Amino acid sequence: MSASWVICVLALFSLMETGDSADTVLTIDARPSLIHPVLTKKLQLRCSVKNEGWLAKNVGKFPFNSNTSTQPPKYGSGNHGVNFDVSALAPKIAHTSTASKGSFVRLLSVVITKFNDETEMRETVASVTGCDVPITEDKFLSTVEVEGSSEGSDKDGEMGYLLLTWDRPVDRHAGNFTCEAYGLRSDKHPESLKASLEIVAVEPKISDLVDYISINEKAITALKEKIITLDEENDALRQDLNATSANTTNLENRLGGVKGQNIQKGTLSCMSSNEIQFPKPFKVPPIVIISLAYTSVSGTVSGNVNYGASFSASFSVSLNSVKNTSFTYSCSNSYFSPSFNWLAIDN
């Protein structure tokens with residue numbers, strides 16, 4: 001016995017002690033209950049076990065197996081609606097069928113069967129049991145998709161469900177389906193509920209085909225309009241992308257130019273030579289910028305000094321010439337010893 005199996009059993013009995021004894025109802029629902037082969041795109045059959053007192057968090061696991069050979073009520077000739085007069089069958093065809101009420105405190109298993117006209121026996125289509133994933137019988141594996149749980153669902157009030165889905169259903173997918181649910185009552189005795197539903201297949205009439213074509217034309221028109229809108233949005237996005245790409249290229253070129261640009265700097269003084277040689281020659285005479293860096297008083301004031309008096313001094317610097325290898329300047333000052341920064345940039 002595996003550990004997971006033991007956990008399932010323990011979870012079951014812990015829930016049996018605290019389970020809600022509200023009424024349990026079994027429903028089976030078909031959407032649609034009438035198949036038009038070729039025209040019907042999808043058929044869904046859902047069996048749901050509902051209990052108003054059941055919360056989504058109240059889940060556990062426990063195995064249970066069952067078989068049934070109960071035959072359904074007969075409708076018409078047993079051909080399940082193929083070439084039938086639908087108006088005659090309408091009173092017997094329902095979208096939803098509801099079983100009598102029970103009093104589950106724990107759902108053990110949900111089984112959906114289909115009546116076989118040839119053998120006059122029920123065949124299990126799919127089932128789900130507490131500790132297992134939903135199982136589809138081999139005969140139906142290639143035709144139906146199954147999902148479900150007997151441990152609750154994301155909906156409060158639903159103890160479990162089984163959902164069958166057929167894509168593009170045809171005549172052979174119609175028939176009489178029965179859903180059976182097995183559970184335990186608060187006194188730990190087993191109980192079962194059952195509900196049946198007839199799904200009928202009817203050959204489409206001219207009016208059905210006209211409606212089908214009309215609906216498809218409307219859908220195609222809506223899709224074409226959507227495609228046009230998407231194309232316009234794509235064009236706008238493409239233009240934005242091209243503009244962004246051009247800006248990126250321009251920025252990269254400018255950055256490349258900055259990275260490869262010849263930029264030199266240094267300091268000059270009015271006390272030094274009036275020519276500065278560039279450490280690395282430029283291809284053409286560069287742009288030279290000179291700015292004040294530092295100055296101080298370098299002389300003395302003689303004679304009578306009036307401490308309330310003031311004096312002034314001036315200095316200047318100017319470029320004389322700029323070549324690709326050097327530049328010359330002129331500098332004059334009085335009582336000051338200024339220093340200047342210079343910057344040379346590719347022209």
Side-chain angles (χ1 to χ4, degrees), residues 2-33 41-66 94-114 124-137 140-141 143-167 169 177-186 190-197 199:
S2 67
S4 60
W5 189 269
V6 174
I7 293 173
C8 291
V9 174
L10 291 177
L12 165 66
F13 284 101
S14 65
L15 284 169
M16 285 172 55
E17 298 299 327
T18 58
D20 196 298
S21 59
D23 288 340
T24 303
V25 177
L26 174 68
T27 62
I28 182 170
D29 176 82
R31 299 180 183 274
S33 63
K41 295 182 178 181
K42 181 177 290 187
L43 167 65
Q44 288 192 319
L45 184 69
R46 183 184 180 96
C47 179
S48 177
V49 182
K50 300 177 181 179
N51 186 312
E52 293 181 357
W54 184 266
L55 299 178
K57 64 181 181 179
N58 291 339
V59 295
K61 298 180 179 180
F62 187 76
F64 192 87
N65 294 318
S66 67
H95 283 285
T96 302
S97 177
T98 303
S100 57
K101 296 179 180 180
S103 56
F104 291 179
V105 295
R106 174 62 184 169
L107 176 64
L108 302 179
S109 180
V110 181
V111 182
I112 292 180
T113 60
K114 181 183 179 183
T124 299
V125 179
S127 61
V128 61
T129 301
C131 293
D132 298 322
V133 297
I135 296 174
T136 307
E137 298 302 317
F140 302 95
L141 274 174
T143 59
V144 65
E145 294 182 4
V146 179
E147 67 174 77
S149 169
S150 61
E151 303 174 279
S153 72
D154 58 355
K155 302 176 182 178
D156 284 343
E158 186 170 60
M159 301 180 74
Y161 73 99
L162 199 54
L163 176 65
L164 311 185
T165 302
W166 291 264
D167 285 326
F177 293 86
T178 295
C179 178
E180 296 177 86
Y182 299 84
L184 294 176
R185 301 196 306 256
S186 58
E191 185 177 28
S192 65
L193 297 174
K194 180 170 64 175
S196 295
L197 185 69
I199 297 177

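The first residue of the sequence shown is numbered 1, and numbering continues consecutively from there. It should be emphasised that the depicted structure is a prediction, and the values quoted were computed from it without experimental measurement.
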Atom pair [atom1]/[atom2] of [X] and [Y] - distance to nearest 0.5 Å:
| X | Y | atom1 | atom2 | value |
| --- | --- | --- | --- | --- |
| E151 | R106 | CD | CZ | 6.5 Å |
| E180 | I28 | CD | CD1 | 10.0 Å |
| T136 | L141 | OG1 | CG | 5.5 Å |

Can you find a pair of side-chain heavy atoms, one from [X] and one from [Y], that are under 4.5 Å apart?
| X | Y | value |
| --- | --- | --- |
| T178 | K194 | yes |
| L26 | C47 | yes |
| V110 | C179 | yes |
| L45 | L163 | no |
| L184 | L108 | yes |

Measure from the side-chain N and O atoms of T143 to the backbone N and O of F140, and report whether any donor-acceptor pair falls under 3.5 Å. yes
Checking the side chain of T124 only, and the main-chain atoms of A126 only, is there a donor and an acceptor separated by less than 3.5 Å? no
Quick one: list whatever passes side chain to side chain donor-acceptor pair (under 3.5 Å) with S48, sequence neighbours left out.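 Once residues adjacent in sequence are excluded, the partners of S48 under the side chain to side chain donor-acceptor pair (under 3.5 Å) criterion are E158.
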Return the set of residues passing side chain to side chain donor-acceptor pair (under 3.5 Å) with T165 (not counting sequence neighbours), or none when no residue passes. Q44
Do you know the tightest heavy-atom contact between [X] and [Y]?
| X | Y | value |
| --- | --- | --- |
| D23 | K101 | OD2-CD, 3.7 Å |
| S150 | G130 | OG-N, 2.9 Å |
| L197 | D29 | CD2-C, 3.9 Å |
| V128 | S149 | CG2-CA, 3.8 Å |
| T24 | L193 | O-CD1, 3.7 Å |
| D167 | K42 | OD1-CE, 3.5 Å |

For K50, does the NZ atom have more than 12 heavy-atom neighbours from other residues, nucleotides or ligands under 6.0 Å away? no
Give a yes/no verdict on a cation-pi contact between R185 and F104, requiring under 6.0 Å between NZ or CZ and the six-membered ring centre and an angle within 45° of the axis.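 So R185 doesn't make the cation-pi contact.
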From CA spacing to verdict: side-chain contact (heavy atoms from CB on, under 4.5 Å), L43, I199: CA-CA 10 Å; L43 167 65; I199 297 177; 4.1 Å; yes
In terms of side-chain heavy atoms, does E191 have a donor or acceptor partner in Y182 at a distance below 3.5 Å? no
Once ring-ring contact (aromatic ring centres under 6.0 Å, His included) is applied, do any residues pair with F177, and if so which ones, sequence neighbours excluded?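 F177 satisfies ring-ring contact (aromatic ring centres under 6.0 Å, His included) with W166 only.
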